[in-house]
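Just so we're on the same page: letters track the sequence lines, and every chain starts at 1. Worth knowing before you read on, the calculation uses all heavy atoms, side chains too, and leaves out hydrogens, waters and symmetry mates. Values in this document were obtained by computation on a predicted structure and should not be read as measured data.
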Amino acid sequence: MKYDPHKIEEKWQKKWDKEKTFKVTEDPQKKKYYLLEMFPYPSGKIHIGHVRNYTIGDVVARYKRMKGYNVLHPMGWDAFGLPAENAAIEHKIHPLKWTNDNIAHMKKQLKRMGFSYDWDREVSTCEPQYYRWEQLFFLWMYEKGLAYKKRSTVNYCGKCETVLANEQVEGGLCWRCSTEVTEKTLDQWFFKITAYIDELLEYCDKLPGWPEKVLTMQKNWIGKSYGCEVDFPLIGSNKAIKIFTTRQDTLFGATFMLIAAELPLVMELAKGKAIENDVRQFVEKVKKQDKLMRTSEYYEKEGIFLEAYCENPLTGKHMPIYATNFVLADYGTGCVMAVPTHDQRDFEFAKKFNLPLIVVIQPKGKTLDAEKMTEAYTEEGILVNSGKFDGMENLKALENIADYLESLDRGKRTIQYRLRDWGISRQRYWGAPIPMINCKKCGIVPVKETDLPIVLPRDVVLSAEGGSPLTALKKFVETTCPNCGNDAQRETDTMDTFVESSWYFDRYCSPDTDIKPGLDRKKLDYWMPVDQYIGGVEHAIMHLLYARFYTKMLRDFGVIGVDEPFTNLLTQGMVCKETMKCTEHGYLFPEQAAEGKCHLCQKEVIIGKTEKMSKSLKNVIDPDYLVQTYGADTARIFCLFTAPPEKDLEWSDQGVEGSFRFLNRLWRIFLEYWEDIKKIKTLSISHQLEGELKNLRRKTHQTIRKVTIDIEDRFHFNTAISAVMELVNAIYQLERPASTDKIALAVVREALETAIILLTPIVPHITEELWKMLGNKTEVSDVSWPEYDKAIASEEEITVVVQINGKLRSRMIVPVDEDAEKIKAVALADEKIKSLIKDAKVAKVIYVPNKLVNIVIAS
RNA sequence: GCCUGGGUGGCGGAAUUGGUAGACGCAAGGGACUUAAAAUCCCUCGGUCCUUGAGGCUGUGCGGGUUCAAUUCCCGCCCCAGGCACCA
């Protein structure tokens, strides 16, 4: 009987589907476990990254189920987003149809993988019954001032008359028509994430189940810094320029002022001067520069003198004011005091424009000369040229100078954050409508709660040009003001799709609740928070921070009762692959570049960088072929075996074969013993064995220990699988006992049963089949996770190595936990060691129990 | 550029707290079985040197350091990946 994965897998999947094996309800008698994987964007087909993510999750879900937990393991669709609109434009399919077709296909693929989802809880975010609650929350947020409108800039293509996503800008040009992208200012909706900023930061230290690196990234993203706001009076005016600095210790060295070019203040200062036109041109130029690159160390620092001066509040010296490209408008006040002697960027700028340098920090034991400096001195030191603060250590002076500024009323201590409020407006069709109305008389008016949901209309035509199709749809836009009853217009911006993904895990707890607020508090109190969240590390900052913010907000609305949504987080590494490009036809799918030639023009394909698999780069692998050729169990075990979950996986076709071979090996050794072990009972724990059988039984119990630790503590499935492979190898190595040797067969049965149970979360189909063949009435997924016996698993003898000066010289086999002095004596008596030591003096003998002896000799 | 990770044989990886570097698997080579092939089973497999041994030296991105002992800790550098606020 051959191992036939397709037959076995489809049989069990049908059963799971029909019997709703993985459906769960709240059961106060059982301990709950909420396992969540990041839901997918329905891009068309599942990719290897999904298979990896969901296999990891499924192993944990099935493992916890066997451990006796009531496991919630849901799945759904992050169904709004840009690709649906692009598909609509390119293939003339409505985004809804495109999305739903993709969902249907991907759902089939996920089911074919054998994942243990409770499909009755499926959620699709583009459905009004989902986003209506998000619109309700929006109204509540508006009421509390947590949603507000503010002017902000977007990337705009004048030719397409369309707002472009960052992804749609290629080297400053529109991806469709290559027109130069410009900045456009619009009134947009923001969520006030900064209202929760300190709680978000504090809880970074209260999430022990999160990877340290993610918390560090979030802390840095929030970027809390302590400093001072300082006023620099404008000469010839009663106004002042306000700056933020964390380096008030260098204030006496500030010799000029820098302003971000896009600040309105720039044109105000230039107004009416001869340079006004030049300044305007400079500002336009800067606006076109890449925001990322502008602040780079190597980017050309540009600036223009505004023919204006301000006064240093401590020295009284006049400081020329420049507009520049390397100061960010949206951090701090957008103005920076320049201290060329102690900031490298300021130094370069000062050299370029021939501006004065004053040293205010002297390093210990050296004297800096402003004339001879070739770069800024950014280390610690002693203050000079700083009035009454001279001689003070610069770090200590931070406090004193802050006090002084406050006493002069020229500045005050402030806290500055890097994190900005969350802009959620999108000038797009395929998203949740923002439930607001613009009335000429009443201004911005919220939709009445009773009028929700504002359903996204279906009958729109999408094209590459002309902006959001909602704006053009009269029947959607035209409405009456809920306040005064006059004609008014609906908001046509839709919400960022990160809004949907900020609460879908709540909705899974009560997916069918259709009364306000769409979340059943009782059910949420049972399931929330998520015990284990698993997803790509690329979401480490934005998605996770937004979800944390939204959770705290919903808590304050009384909708849920938890402070944080995810107790434990596993960030899996990405699946990466090299990209392939044709000079004429752009990125190519692997099958479009067979034998290194473009399928359209036969031109040589350019192999590009290795990057995260993504549809836009077309460097994707279709998991269907894996399932078709080897079955879902092989695809699952391969994804787990190839690398530990948190590590990036660079795709290679090698290795799948080996995973398939292992399952066949398990199948064959099982068949070898099948007839003989069917009716054999397992041995009691206390049964004494000798020799090979004793060794096999020890290996069996050691394997339980190893696999349990690897799954429970580390999620290191690759080493768990290795351990089971070793156990299977050990069964192969045992000399085949006679059919009458009940004791030996019982040991083999225990080893095989153990291998099957331990592999159940990983490869659920083949194990279910083998378990049934053993004559069991229940299913293996309902079996309790096995416990190992400490006595059986323990070794009696152990290899201890002998080192001389840290170099391996000999090894010896000794009883485990042997007396230290005895072992040292045996090591020194070793023939080989003796001949190596000869007459040298033994300075020290170190013994690491059950591991090694290191003999230190004088050379 | 900034923030965060990572770098170990031909390849994926293992080494859990500073203690035997290379588990397990892939690829490769050799052998057995077979008319043959596939499948299967067995053996070899970091590099290098010779006196071919239960051998020596060397080896975890590069250069230093701490230690009896460093893939692991510290300092400096190189390379790769992710995120950088409208891809999700």
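Using atom P as the reference point in both B/rA28 and B/rC86, the two lie 49 Å apart (nearest Å). A gap of 43 Å separates the P atoms of B/rU71 and B/rC87, to the nearest Å. For the P atoms, the distance linking B/rG47 with B/rU60 amounts to 15 Å, nearest Å. Taking atom C1' on both nucleotides, B/rG10 is separated from B/rG46 by 10 Å, rounded to a whole Å. B/rG22 sits 14 Å from B/rG55 when the P atoms are compared, rounded to a whole Å. Across the P atoms, B/rC41 and B/rU48 are found 31 Å apart, a figure rounded to whole Å. B/rG6 sits 15 Å from B/rU72 when the C1' atoms are compared, rounded to a whole Å. Taking atom C1' on both nucleotides, B/rG64 is separated from B/rA54 by 36 Å, rounded to a whole Å.
Side-chain contact between A/Leu82 and A/Gln168: present, with at least one pair of heavy atoms (C-beta onward) separated by less than 4.5 Å.
Stacking of A/Lys150 on the aromatic ring of A/Phe190 is recorded, both the 6.0 Å distance cut-off and the 45° axial limit being met. Within the cation-pi definition used here (under 6.0 Å to the ring centroid, within 45° of the axis), A/Arg705 qualifies as a partner of A/Tyr788. Because its NZ or CZ atom is both nearer than 6.0 Å to the ring centre of A/Tyr732 and within 45° of the ring axis, A/Arg665 counts as a cation-pi partner of that residue.
Nearest to the side-chain atoms of A/Arg428 among the listed nucleotides B/rC86, B/rU40, B/rC87 stands B/rC86.
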- Message: For Watson-Crick and G-U wobble pairs within 3.5 Å on both distances, what is RNA chain B written in dot-bracket notation, | included for inter-strand pairing?
- Response: (((((((..(((......[....))).(((((.......))))).(((((..).))))..(((((..]....))))))))))))....
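To the nearest angstrom, P of B/rU4 lies 16 Å from CE of A/Met574. Spacing between atom CD1 of A/Ile197 and atom P of B/rA85 amounts to 17 Å, rounded to whole angstrom units. Summarising the geometry, the separation between NZ on A/Lys844 and P on B/rU67 is reported as 10 Å, rounded to the nearest angstrom. If you measure from atom CG of A/Leu649 to atom C1' of B/rC80, you get 16 Å, rounded to the nearest angstrom. Distance NE2 (A/His539) to P (B/rG83): 9 Å, rounded to an integer number of Å. Rounded to an integer number of Å, the gap from CG of A/Leu328 to P of B/rG1 is 16 Å. Atom C1' of nucleotide B/rC2 and atom CE of A/Met217 are separated by 13 Å, given to the nearest angstrom. Note: CZ (A/Arg420) to C1' (B/rC86) measures 12 Å, nearest angstrom.
Residue A/Gln188 places a side-chain atom within donor-acceptor reach of the base of B/rC86, judged by atom type and a 3.5 Å distance cut-off alone.
Listed by chain and residue number, nothing satisfies the salt bridge (Lys or Arg N to Asp or Glu O under 4.0 Å) test with A/Glu85 (two or more places apart in sequence, or in another chain). Every residue two or more places apart in sequence or in another chain was checked for a ring pair (Phe, Tyr, Trp, His ring centres under 6.0 Å) with A/Phe641, and none qualifies.
When the options A/Trp503, A/Tyr504, A/Tyr130 are evaluated for a ring-ring contact (aromatic ring centres under 6.0 Å, His included) with A/Phe39, the one that passes is A/Tyr504.
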- Sugar-phosphate means primed atoms, P, OP1 and OP2; the rest is base. With that split, encode nucleotides 14-29 of chain B 5' to 3' as B, S or - using protein heavy atoms under 4.0 Å. SSB--BB--BBSSS--
- Note on the structure: Whether each nucleotide of nucleotides 45-53 of chain B has a protein heavy atom under 4.0 Å at its base (B), only at its sugar-phosphate (S) or at neither (-) is summarised, 5' to 3', as ---------
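Pairs of residues two or more places apart, or lying in two chains, that qualify as salt bridge (charged side-chain N to carboxylate O under 4.0 Å, His left out) and include a residue from residues 45-54 of chain A are A/Lys45-A/Asp622.
Between A/Arg809 and B/rG56 there is a side-chain polar atom (N or O) within less than 4.0 angstrom of OP1 or OP2. Here A/Lys807 reaches the OP1 or OP2 of B/rU58: one of its side-chain N or O atoms lies under 4.0 Å away.
With no hydrogens or angles considered, a side-chain donor-acceptor pair links A/Asp830 and A/Ser810 at under 3.5 Å. Residues A/Arg176 and A/Asn86 have side chains that bring a donor and an acceptor to within less than 3.5 angstrom of each other. Inspection of the A/Asn619 and A/Thr579 side chains reveals no N or O donor paired with an N or O acceptor under 3.5 Å.
Among the heavy atoms of the strands, none lies under 4.0 Å from A/Trp422. Within the nucleic acid shown, A/Gly423 comes within 4.0 Å of sugar-phosphate atoms alone, with no base atom in reach, counting heavy atoms only.
A/Tyr546 and A/Trp422 have their aromatic ring centers within a separation under 6.0 angstrom.
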- Item | Candidate pair A/Trp77 and A/Val123, rule side chain to side chain contact (heavy atoms under 4.5 Å, CB included), full reasoning | CA-CA 6 Å; A/Trp77 311 97; A/Val123 152; over 6 Å; no
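Glycosidic conformation of B/rG9 is syn; the angle stays within 90° of 0.
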